[in-house]
Amino acid sequence: MEFVNPLFLYGLIAIAIPIIIHLFNFRKFRKVYFTNVKFLEELQQKTRKQSQLRHLLTLLMRILAIVALVMAFAQPYIPATSGAKKQETHTAVSIYLDNSFSMALNSSQGTLLQEAVARAREVAMAYSTTDIFQLLTNDFEGYHQRYVSRDEFLESLNEVEISPLSRTLSEVIKRQTSLFNEEKQKSRVAVMISDFQKNICDFGHIQPDSGTATYLIPVTATKKANLYVDTVWFEAPAYRTGQLAKLNVRISNASDDDFEKIPAKLIINGQQRAIASFDIYSGRSTDLSMPFTVHETGIHYARLEITDHPITYDDALFFTFEVKKQIPLLAIHNGQESPYLHLLFDNDSSFIFKTVAESQLDYSSFNQFNLIIINGLNIISSGLSLELKRFVEGGGSVVVFPGEMADLESYRQFFQQMGTSFFAEKTEGETKVSGINTLNRVYDDVFENVPENIDLPAVSGHYVIRRKPGSLMESLLEMQNGNIFLGAEPASKGMLYLFAVPLNPEWSNFAKHAIFVPTLYKIGLLGQGRSKLYYMTGRNENISIKSTLSGTDQVFKIVGLNKDFEMIPEIRPVFSQTEIFTRNQIRDAGHYQVIQNGNVVAGLAFNYNRKESDLDSYNKNDLETILTEQNLTTFSVIKPEGKVLTDVISELNAGIRLWKWFVILALVFLSVEVFLLRFIK
């Protein structure tokens, strides 16, 4: 047991006063004469003993009453077993209030956020008006970075609302520690009120401050149930007008209930384009396929919707996609154009096809094209190699048909710069293409089925494509001798397609074969590239925009589709593209446009992070176990059961306070004294 005011213990000297009074009793006795004293001798002895006993009991009660009063003024307390500290004159109290989406669940006191606000009020009332307080939410707002009085803190609790942002515990602890260091208070108390979802509880990354007592106060929902749209993606990598597009949707069920016949709606440009229903089991995910036809070119703004309560932020997923009117292609030749490429692309309105000799190249025009075809070059110059590298770094794709007299060393240097596989050597001999990789996106929708005896191109000579160690090259067409006829490999942000033969009938009949058209046509479609369907709010997203302007001409704005938001982002020119950084400024889910000098150059969609959608969380016992395992000795878990949180916090700060009990004991002892004096004769 310890004391808040130990100097009051000197008051125990006062117990000498009743002792002195009882030792020196100056009350005079009157003599009464009797004729026969023998009768009174026994009675007198008996009465004197009773009187002495009563006096001793009265003395004891007075001594105990004085001791109890002195102890009450000294304010004794029993320190708690862990995390308790004697409260200093001034204490800095930082209270983190979780206001993420999951706090919208119902609890016994309304929503979890309402219960958390009530808990924060109780915590504040456990401290003195001379202490300072700081409110921290997931927003990390600037006005929450300062310490205020208790009254200001209680008023600020009324302004806390649900936020789309989510923070890990390590981020919160780091921010609280930083603010404590600025304030320089001797006594520090950190309080965290949350539902403690598992996806934010990174206890292993927490760096505790030994000088700070941290209290975790979990709030629990009465029922955890959430159905949400997890993600969407297109089955085909390219979009064409008049063709069927298949949108894949993943729905997840973060609840203990099964659902049946739940509708899902696809809305594009404000019109419903597809609908489906699904059944989903508890704790599972299900995938839907929603086909629709694209009728117009341009940017399309879409969303996928379901209906679910009470968590509604993740019931809609916004996304955008663009159907381009024409795809620009460039073919570079060594002075002799290929008639096969002209026949394929010139007569198709989906492509803008341009061919140019290597000697007449304008490297600055590369950013105008989506796909560049290297056709029959014997030497890859260092300048061309560098510009092609920049081209793929900007998201472009390159197709390579080697020259008949290819300088393999120049090609090897080119591929080395690209960081891809390369041509090893030239080999002659008759062989045939023997296999098609129908799982690759170039051929995934070309064939319904491939017959075993399908006629494939014949080869009379070829270059051996050698995979680089750790290469991601995928063989699309493979020859009977095991060598690659056509390989595809990611190169930076683009793709590299390598053919083992020149586009010449003397090497192979590929240019005249039926498979030539779908192969080059599909590579051309894939060359249009694809931007991300959606981004996440509250992040510093990096968005790549293809731009033909440079320098001061690059003025970009991000504007909400409903004109309710506008910002000027940070930009950074990177070769043929412009990198846009949002710097966490986009907070609301929805559709946005990127505007460059008054023109819409891209459509964007932002969604709330689905991390909050998984409602699995830790309870009090789980948290205590984790704190023990992680050796977080300055952390304590508080779950008041039938007690006011103010009292619980007070006991944790200053132990179990006993002064009230000593006041009661003093009153009891004084009452016993009165009883002895008045009723015991």
Decide if atom [atom1] of [X] counts as having more than 12 heavy atoms of other residues, nucleotides or ligands within a radius under 6.0 Å.
X: Lys265; atom1: NZ; answer: no
X: Lys557; atom1: NZ; answer: no
X: Lys198; atom1: NZ; answer: yes
X: Lys174; atom1: NZ; answer: no
X: Glu570; atom1: CD; answer: yes
X: Gln416; atom1: CD; answer: no
X: Glu425; atom1: CD; answer: yes
X: Gln271; atom1: CD; answer: no

Side chains of [X] and [Y]: donor-acceptor distance under 3.5 Å anywhere?
X: Tyr535; Y: Thr582; answer: no
X: Gln417; Y: Ser385; answer: yes
X: Glu489; Y: Ser421; answer: yes
X: Ser544; Y: Glu579; answer: yes
X: Glu337; Y: His342; answer: yes
X: Asn138; Y: Ser163; answer: no
X: Glu404; Y: Asn504; answer: yes

To the closest 0.5 Å, what do you measure between [atom1] ([X]) and [atom2] ([Y])?
X: Leu266; Y: Leu288; atom1: CG; atom2: CG; value: 11.0 Å
X: Arg303; Y: Asn607; atom1: CZ; atom2: CG; value: 12.0 Å
X: Thr438; Y: Asn449; atom1: OG1; atom2: CG; value: 10.0 Å
X: Asn375; Y: Thr355; atom1: CG; atom2: OG1; value: 7.5 Å
X: Glu171; Y: Ser166; atom1: CD; atom2: OG; value: 8.0 Å
X: Asn334; Y: Asn378; atom1: CG; atom2: CG; value: 6.0 Å

Looking at [Y], is its backbone amide N or carbonyl O close enough to the side chain of [X] to form a donor-acceptor pair, meaning the two atoms are under 3.5 Å apart?
X: Thr177; Y: Ile173; answer: yes
X: Gln145; Y: Glu141; answer: yes
X: Asn440; Y: Leu476; answer: no
X: Tyr313; Y: Ser613; answer: yes
X: Glu358; Y: Ile332; answer: no
X: Ser460; Y: Glu506; answer: yes
X: Gln197; Y: Glu612; answer: yes
X: Ser381; Y: Leu384; answer: yes
X: Thr168; Y: Asp202; answer: no
X: His205; Y: Cys201; answer: no

>> For Asn509 and His513: C-alpha separation, side-chain torsions, deciding distance, then whether side chain to side chain donor-acceptor pair (under 3.5 Å) applies.
In response: CA-CA 6 Å; Asn509 66 344; His513 196 278; 5.5 Å; no
So which heavy atom on [X] is nearest to which on [Y], and how close?
X: Asn367; Y: Ser364; answer: OD1-O, 3.2 Å
X: Val400; Y: Leu498; answer: CB-CD2, 3.7 Å
X: Ala488; Y: Met495; answer: CB-CE, 3.9 Å
X: His300; Y: Val294; answer: NE2-CG1, 4.0 Å
X: Pro457; Y: Ser508; answer: CB-OG, 4.2 Å
X: Leu533; Y: Trp233; answer: CD1-CA, 3.9 Å

>> Could you walk me through whether Tyr411 and Phe422 satisfy the ring pair (Phe, Tyr, Trp, His ring centres under 6.0 Å) test, starting with their C-alpha distance in whole Å, then the side-chain angles of each, then the deciding distance to 0.1 Å, before giving a yes or no?
In response: CA-CA 7 Å; Tyr411 270 90; Phe422 54 93; over 10 Å; no
>> I'd like to know whether Met418 forms a side chain to side chain contact (heavy atoms under 4.5 Å, CB included) with Phe414, so could you lay out the CA-CA distance, the side-chain angles of the two residues, the decisive distance to 0.1 Å, and finally the verdict.
In response: CA-CA 6 Å; Met418 301 279 280; Phe414 164 60; 3.7 Å; yes
Is there side-chain contact between [X] and [Y], with at least one heavy-atom pair below 4.5 Å?
X: Lys532; Y: Leu604; answer: no
X: Leu247; Y: Glu235; answer: no
X: Arg250; Y: Thr286; answer: no
X: Asn248; Y: Phe234; answer: no

Which class fits the ring pair [X] and [Y]: parallel under 30°, tilted 30 to 60°, perpendicular over 60°?
X: Tyr363; Y: Phe366; value: perpendicular
X: Phe565; Y: Tyr592; value: perpendicular
X: Tyr463; Y: Phe423; value: tilted
X: Phe510; Y: Phe401; value: tilted

> Out of Asn483, Thr427, Thr431, which one pairs with His462 under the side chain to side chain donor-acceptor pair (under 3.5 Å) rule?
Replying inline: Asn483
> Between Phe318 and Tyr534, does the ring centre distance come in under 6.0 Å?
Replying inline: no
>> I'd like to know whether the aromatic ring centres of Phe351 and Tyr521 sit less than 6.0 Å apart in this structure.
In response: yes
>> Quick check with a 6.0 Å cut-off and a 45 degree axis cone: is Arg167 positioned over the face of Phe140's six-membered ring?
In response: yes
>> Tell me whether the NZ or CZ atom of Arg583 lies within the 45° cone about the ring axis of Phe581 and under 6.0 Å from its centre.
In response: yes
>> Could you walk me through whether Tyr608 and Phe101 satisfy the ring pair (Phe, Tyr, Trp, His ring centres under 6.0 Å) test, starting with their C-alpha distance in whole Å, then the side-chain angles of each, then the deciding distance to 0.1 Å, before giving a yes or no?
In response: CA-CA 10 Å; Tyr608 298 125; Phe101 280 125; 4.9 Å; yes
